[in-house]
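Report on one structure; see the data block that follows.
Indexing begins at 1, ligand by ligand and atom by atom, following the structure's order.
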Amino acid sequence: VLLALLAGLLAPARPAPGQAAPQAQVASEIQIGVSTQGRPISALRVGYGPRKLVLVGNTHGGPEANTFQLVSQLQEHYRARPELVPPALRVYFIPTLNPDGLALGTRFNANGIDLNRNMNTDLDSCPENDWSTTVQGAYGLIADTGGPYADSEVESRVMRAFLIDAAGAIFFHSNAGLVFPAFCEHTPSNALGEAYARAAGYVYSRYWPFYQITGGMHDWAASLGIAAITPELTTGDQVEFEQNLAGVQAVLDQAEAMLPLPADGFEDGVAVPAPIWRFWRMHGGAARFGRPLAPAASNGDVVQQYFERALLEWRPGLADTPQLVQAATLGRALTVGRAFAPPASGEGRVFAETGFAAGGAFLESWERGGGIEVFGYPISGELNEAAAGGRTVQYFERARLDYYPEGTDGGFVRLGPLGWQAWQRAQVLRPLSGQTPR
Ligand SMILES: [Zn+2]
């Protein structure tokens with residue numbers, strides 16, 4: 001019950017019943033991230049409801065600038081008429097996810113990566129759409145533009161973090177004149193695609209008909225339970241406003257039926273609250289964080305859940321920020337009192353924030369696994385850790401990375417069991433008065 005109450009806090013504060021909301025609260029503009037070249041990526045929220053619907057324009061930059069214009073116009077339409085957003089819903093308008101591509105006149109981001117081929121689409125049960133460096137792009141052209149690894153681009157990571165509590169996502173593209181849902185069977189996405197196409201007057205197509213999309217945003221979103229579709233405008237230069245306004249309004253009017261609230265996960269029979277479950281899954285699941293050790297528990301305004309290799313924390317008050325769900329700083333907590341000498345000259349990348357460097361397999365694993373967002377900064381150098389059987393490890397603010405030289409490809413790095421250590425410590429330190437007698 002307590003978790004359900006906290007879930008209600010996910011939505012921005014609503015005015016008291018019978019009171020008119022100040023205009024500034026009905027709609028508010030936020031910056032959700034910055035692009036590779038430092039351009040802001042912004043979103044406008046309209047409404048307060050528990051269901052989060054996100055409209056994303058211009059993933060493909062300059063050649064699809066009409067989708068930037070479309071979402072900009074939709075944003076202004078609903079900013080001026082917030083009463084069109086039903087109480088069940090809050091809607092976010094992101095006119096461009098790819099401001100660099102828009103400024104540079106390219107389909108790609110500033111690193112030359114196709115942002116609609118870069119997502120980790122290996123989470124669903126369909127191998128056909130799994131992420132790949134080599135992709136098919138516009139007009140079937142084959143190119144190595146999927147990125148060096150899944151979720152490698154900052155724009156992809158901005159989207160990943162912002163959709164963690166979304167119920168629905170609409171990714172606008174041009175110019176095929178059809179609407180298609182996630183590739184892997186996901187009933188809410190199919191229903192959303194059909195409803196949108198019918199109202200907008202576009203053709204509904206169960207699959208993108210021209211080639212196999214890998215690493216697509218809609219496929220990634222649906223694998224987390226988000227109803228996700230891609231409307232393709234018919235032209236490459238017209239906004240097609242009235243058609244898409246009809247499509248969006250049809251979705252708004254049926255929001256409770258079309259957009260399922262984020263669902264809790266169950267791992268080994270243990271319930272995992274929806275935002276924690278999505279974070280856990282999108283950042284590597286059991287292979288990265290291990291399995292849950294206990295049910296989630298509320299601690300003040302934080303919901304905490306111990307996993308074998310992390311303590312994941314959900315702060316409902318930080319909705320729409322990248323800090324909504326984070327790994328607790330167990331690397332720091334479990335090394336209190338230990339003095340790590342910074343290396344005189346760091347090998348690899350030096351982090352001015354803490355004075356430590358990370359290199360080799362540790363740095364590669366850190367970058368690919370989510371970097372600062374997931375692990376924090378290094379707080380030690382590489383060291384031989386007796387508590388890890390003499391293994392070479394490195395402590396970061398939120399994790400310990402352990403090096404395993406075993407294997408044929410030069411070894412691998414995985415998280416040390418800090419969640420388990422902290423959980424055991426919490427059992428010992430729990431005050432007797434707080435224990436339930438059996
Ligand atoms: Zn496109």
Side-chain angles (χ1 to χ4, degrees), residues 35-36 41 54-74 93-119 121 129 131-147 150-151 153 155-156 158-160 163 169-183 189 192-193 196-197 200 202-222 226 228-241 243-244 247-248:
S35 67
T36 301
I41 299 171
V54 183
L55 274 52
V56 183
N58 197 234
T59 303
H60 278 152
E64 300 181 14
N66 59 337
T67 66
F68 166 72
Q69 293 160 353
L70 170 62
V71 178
S72 299
Q73 290 185 20
L74 288 169
F93 301 86
I94 303 175
T96 177
L97 178 62
N98 186 6
D100 295 348
L102 184 62
L104 302 172
T106 171
R107 169 188 178 90
F108 308 107
N109 77 347
N111 292 326
I113 305 305
D114 186 331
L115 297 175
N116 204 35
R117 304 290 184 275
N118 185 237
M119 301 302 285
T121 42
N129 69 353
W131 172 87
S132 169
T133 289
T134 303
V135 308
Q136 299 198 62
Y139 313 110
L141 185 72
I142 295 175
D144 285 342
T145 53
D151 300 340
E153 303 308 296
E155 296 88 354
S156 307
V158 166
M159 200 75 279
R160 183 172 69 175
L163 290 180
I170 301 179
F171 301 99
F172 291 96
H173 287 256
S174 61
N175 54 349
L178 52 82
V179 180
F180 61 99
F183 174 80
S189 296
L192 182 65
Y196 192 97
Y202 293 127
V203 173
Y204 173 72
S205 178
R206 172 62 190 85
Y207 299 101
W208 175 243
F210 303 116
Y211 47 82
Q212 179 68 53
I213 295 174
T214 55
M217 294 232 165
H218 55 301
D219 286 354
W220 171 84
I226 299 165
I229 60 169
T230 299
E232 286 261 348
L233 308 195
T234 302
T235 68
D237 55 359
Q238 302 298 305
V239 176
E240 302 171 32
F241 178 76
Q243 276 181 278
N244 287 284
V248 169

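- Among heteroatoms of the N, O or S kind in His173, ND1 lies nearest the Zn ion (ligand 1).
- Leu178 has its side chain within reach of Pro209: a pair of non-hydrogen atoms, C-beta onward, lies under 4.5 Å apart.
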Apply ring-ring contact (aromatic ring centres under 6.0 Å, His included) to Phe180 and Tyr207, showing your working.
CA-CA 6 Å; Phe180 61 99; Tyr207 299 101; 9.5 Å; no

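- The Zn ion (ligand 1) has no N, O or S atom of Glu232 closer than 2.8 Å.
- If you look at His60 and ask which of its N, O or S atoms sits nearest the Zn ion (ligand 1), the answer is ND1.
- A side-chain N or O of Asn58 and one of Thr96 form a donor-acceptor pair less than 3.5 Å apart.
- Across Thr36, Asn118, Asn111, a single residue satisfies side chain to side chain donor-acceptor pair (under 3.5 Å) together with Glu153, and that is Asn111.
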